[in-house]
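To start, the structure under review is shown below, and the notes come after it.
Order of the sequence lines fixes the chain letters, A, B, ..., with proteins taken first and strands second; residue numbering starts at 1 for each chain. Just so it is clear, the structure is predicted and the values come from calculations on it, not from any experiment.
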Number of protein chains: 4
Amino acid sequence: MSKRQVPASVKDERLIEKRREQMVKGAVNLFKEKGFHRTTTREIAREAGFSIGTLYEYIRQKEDVLYLVCDTIYDEVRERLEQDIDTKQGTIESLKRAIANYFKVVDEMQDEVLVMYQEVKSLSKDALPYVLQKELEMVGMFEKVLEGCVNKGEISLTKSEQKLCAHNIFVQGQMWAFRRWALRKMYTLEEYIALQTDLLLKGISKK
Amino acid sequence: MSKRQVPASVKDERLIEKRREQMVKGAVNLFKEKGFHRTTTREIAREAGFSIGTLYEYIRQKEDVLYLVCDTIYDEVRERLEQDIDTKQGTIESLKRAIANYFKVVDEMQDEVLVMYQEVKSLSKDALPYVLQKELEMVGMFEKVLEGCVNKGEISLTKSEQKLCAHNIFVQGQMWAFRRWALRKMYTLEEYIALQTDLLLKGISKK
Amino acid sequence: MSKRQVPASVKDERLIEKRREQMVKGAVNLFKEKGFHRTTTREIAREAGFSIGTLYEYIRQKEDVLYLVCDTIYDEVRERLEQDIDTKQGTIESLKRAIANYFKVVDEMQDEVLVMYQEVKSLSKDALPYVLQKELEMVGMFEKVLEGCVNKGEISLTKSEQKLCAHNIFVQGQMWAFRRWALRKMYTLEEYIALQTDLLLKGISKK
Amino acid sequence: MSKRQVPASVKDERLIEKRREQMVKGAVNLFKEKGFHRTTTREIAREAGFSIGTLYEYIRQKEDVLYLVCDTIYDEVRERLEQDIDTKQGTIESLKRAIANYFKVVDEMQDEVLVMYQEVKSLSKDALPYVLQKELEMVGMFEKVLEGCVNKGEISLTKSEQKLCAHNIFVQGQMWAFRRWALRKMYTLEEYIALQTDLLLKGISKK
DNA sequence: CATGAATGAGGTTTCATTCAT
DNA sequence: GATGAATGAAACCTCATTCAT
């Protein structure tokens with residue numbers, strides 16, 4: 001499944017990219033504050049720095065903005081993950097680093113993660129699969145890291161456990177954004193990383 | 001923080017309860033399908049089986065419906081949890097049962113949990129705290145169970161770990177609802193319960 | 001043109017009178033504050049001390065309340081005028097007394113006068129004539145007093161001037177209510193009475 | 001106290017002026033017939049010749065239309081008064097002319113005057129002062145004329161009497177609009193002017 | 001005779017989208 | 001390629017009135 005195209009009336013590809021960047025940037029700010037549905041297209045245009053007419057030269061519908069926003073955020077998160085993760089090393093240490101780095105990315109992009117997290121469901125049946133696919137790919141990255149560790153004999157997990165574990169890691173990262181109302185009162189980011197890593201590795205039962 | 005009151009024009013308390021039940025039931029169905037914002041008040045009224053005028057005899061604003069929906073769902077989930085959970089026993093077995101029961105409740109109420117999960121953020125600043133409070137109370141129940149186990153020496157966790165672990169359990173239950181698009185393809189409920197419980201207890205690192 | 005009947009479902013005449021009194025009293029308070037259109041029938045019922053259902057046992061439409069209000073106020077103003085005015089005496093003194101008394105009545109009933117003044121126009125084409133008729137009757141009282149003075153040779157006015165002068169007096173009384181925002185800052189009631197009487201009698205041109 | 005601004009979404013000032021003119025014109029017609037409260041925003045838009053959406057590009061609330069209507073009418077009345085009145089001459093003749101002209105303006109604009117007269121009270125507490133201020137300015141114009149006459153020794157009035165007299169003149173003009181149901185049956189405009197001027201100057205008591 | 005729950009027409013307002021300039 | 005005025009469907013909400021109890 002490749003990238004979903006959002007048609008524009010304008011031809012100049014360079015310009016399209018530029019305008020859409022402005023658009024997404026403005027939209028994230030607004031969605032953060034009021035959510036997708038309470039944000040108007042006029043506000044998006046104004047925040048992006050151009051007119052409502054221009055906005056519609058680069059999208060067909062309001063929902064396209066949401067898609068672009070989600071798409072952009074996922075791309076950025078993934079890109080930053082890819083830089084940090086070494087899926088081949090297969091050491092506990094590399095797993096820990098992957099988790100820590102991912103949690104840090106979430107922390108730095110918490111607004112974006114939150115927005116995306118809360119608004120994906122507003123995407124049309126048409127656009128949703130593309131975004132979910134991206135999520136699966138990211139989960140897949142953690143799966144790879146785990147697999148590496150298993151292969152190296154550092155940990156022992158069935159395929160099923162690997163997959164679930166990858167989902168857990170992914171969700172625990174998002175948790176830091178969408179449950180910050182509760183977690184932030186209790187932990188710093190570093191504590192959160194340390195605790196989650198520990199629980200993940202050792203479990204809770206006595207040895 | 002006690003229950004937040006939604007004022008009604010109608011006086012008969014019995015009737016209020018009955019009508020609101022109809023209302024919530026209808027609303028959940030609609031929210032499930034189209035989300036809060038895409039659902040109109042007229043649709044809610046129709047689905048509930050009465051007129052738009054009558055709807056507004058029992059609420060002041062559309063948002064009140066959302067609050068009542070969230071409130072009702074939380075109450076039901078908690079009620080069912082309370083029946084099943086034994087916070088005093090302090091055995092690993094009782095912890096497992098608590099988790100399994102909670103996950104089963106989430107499974108049975110997956111539509112409701114999903115709705116609530118996705119729409120809480122649409123609540124006004126005014127209503128949100130009441131709902132978050134309820135969530136914390138439920139997390140607190142798992143904390144108690146964990147504490148019981150610690151006290152009995154069955155497991156060893158710091159206070160901090162207990163709290164985080166309770167959050168994790170709670171979120172992993174919700175996960176079964178909000179990530180069913182991915183999880184359902186891989187696991188049955190029973191498998192999910194078994195795997196999560198195992199990971200939680202033993203962790204992933206080799207003994 | 002006799003009194004316009006507002007039909008009631010209830011038979012007991014005594015009761016009708018009592019309920020309508022309550023109704024008018026409550027309504028005047030509300031109209032004073034928010035005007036006829038912004039006042040709801042429910043509010044009228046509540047302020048009157050009974051239920052919306054009961055209200056509609058004594059009127060057919062909301063507008064009937066307005067008619068009853070106007071009717072009642074006019075009757076009270078006229079009644080109080082009739083007590084004070086001596087149309088036969090024909091002295092300047094009696095004219096002065098009539099004016100002073102009328103202005104005092106307006107002052108005491110300023111809320112009612114204001115309400116009536118501002119809301120008559122909301123009466124239906126059907127009810128309006130009855131109320132205007134009452135107004136003409138009151139103007140007629142001043143006309144009589146003026147006529148008395150003319151007949152006694154105290155003042156000299158043509159029939160036309162008498163009529164207009166009566167209107168002027170009547171409106172200058174209402175003025176005290178509907179322009180109180182301006183007049184009250186400049187005059188006490190006594191000053192207002194004295195000045196208006198003086199201007200009326202002597203005019204402004206040098207003798 | 002300067003002009004109260006009604007915000008528009010449209011930027012082109014020329015266009016705003018034009019559209020608001022259409023709007024006010026249509027609204028006066030409708031208010032004349034059914035009053036402010038019984039006129040719908042849709043009707044106003046249709047009468048003005050554009051869509052409901054366009055209407056709301058030029059106002060924020062229905063009440064803004066009423067404010068613009070009142071504002072416009074006052075401005076027009078005043079403008080026409082200013083053209084005619086010579087406040088400096090100080091002759092009885094100029095006073096008579098001022099009154100006659102004012103009464104003629106009221107006669108020509110009787111619908112507008114009536115509308116404004118009956119609906120000002122529906123203005124919000126926010127907008128009312130601006131309109132009352134305009135009324136005071138117009139009263140002030142008559143005050144000036146009277147003052148001129150006093151200074152020239154043509155008439156003799158105390159300051160207090162001048163002020164009241166100005167109010168009387170102003171109200172007697174409006175009377176011709178709001179009591180036309182009674183006055184028109186008795187007098188032509190010319191008769192009304194002649195009689196009121198006469199009564200004003202000479203009073204009613206015998207010389 | 002009194003009540004108040006139910007109704008739904010209709011009010012005001014918003015806002016995604018278009019299109020002439 | 002950019003603008004922003006115009007549109008009107010459709011949203012939320014109110015409230016006069018009815019009628020079964």
What nucleotide among dA6(F), dT17(E), dA9(F) has an atom nearest to a side-chain atom of I52(A)? dT17(E)
The Watson-Crick or G-U wobble partner of dT21(F), with both key distances under 3.5 Å, is dA2(E)
Choosing from dT13(E), dG4(E), dT3(E), which nucleotide comes nearest the side chain of T54(C)? dT3(E)
How long is the line joining CZ of R46(A) and P of dA2(F), in whole Å? 19 Å
Let me know, please, whether G53(D) or G53(B) comes out on the 5' side of the other along DNA chain E by nearest nucleotide. G53(B)
Under 4.0 Å between a side-chain N or O of Y56(D) and OP1 or OP2 of dT14(E)? no
State whether E43(A) and K34(A) are salt-bridged, where the test is any N-O pair (Lys NZ or Arg NE/NH1/NH2 against Asp/Glu carboxylate O) under 4.0 Å. yes
From dC1(E), dT12(E), dA16(E), pick the nucleotide closest to the side chain of K62(D)? dT12(E)
Using atom CD of Q22(B) as one end and atom C1' of dA5(E) as the other, report the distance to the nearest whole Å. 13 Å
Once you round it to whole Å, what is the distance between P of dT14(F) and CD1 of I44(C)? 18 Å
dA10(F) -> Watson-Crick or G-U wobble partner, both distances under 3.5 Å, gives dT13(E)
Return yes if the base of dG10(E) and the side-chain atoms of R42(B) contain a donor-acceptor N/O pair under 3.5 Å, otherwise no. yes
Does the distance from a Lys or Arg side-chain N to an Asp or Glu carboxylate O, for D71(A) and R4(A), drop under 4.0 Å? no
Interatomic distance, K11(B) NZ vs dA2(E) P [rounded to whole Å]: 15 Å
Using the ring of each side chain (for Trp, its six-membered ring), is H37(C) parallel, tilted or perpendicular to H37(D), with breaks at 30° and 60°? parallel
Just the rounded figure in Å: distance from C1' of dA11(F) to CD of E63(B). 16 Å
Which of dG4(E), dT13(E), dG8(E) is nearest the side chain of T41(D)? It is dT13(E)
Please determine, for the side chain of Q61(A), which listed nucleotide (dC13(F), dC1(E), dT17(E)) has the closest atom? dT17(E)
Atom pair distance, as rounded to whole Å: CD in E17(B) and P in dA5(E): 15 Å
Nearest listed nucleotide, side chain of L15(B), among dG4(F), dT3(E), dA6(E): dA6(E)
CG of L55(D) versus C1' of dT14(E): gap in Å, rounded? 13 Å
Quickly work out the D64(B) CG to dC12(F) C1' distance and round it to whole Å. 13 Å
Please figure out whether S9(A) or T40(C) has its closest DNA chain F nucleotide nearer the 5' end. S9(A)
So what does R19(B) hit on the nucleic acid, given a heavy-atom distance under 4.0 Å: a base, only sugar-phosphate, or nothing? sugar-phosphate
Residues E13(D), R20(D): salt bridge by 4.0 Å N-O rule: no
Is any side-chain N or O of Y58(A) closer than 4.0 Å to OP1 or OP2 of dA2(F)? yes
How do T39(D) and G49(B) order along DNA chain E: which one's closest nucleotide is nearer the 5' end? G49(B)
Is E57(D) salt-bridged to R42(A), cutoff N-O under 4.0 Å? yes
Look at the rings of Y117(C) and F178(D) and say which category their plane angle falls in: under 30° parallel, 30 to 60° tilted, over 60° perpendicular. perpendicular
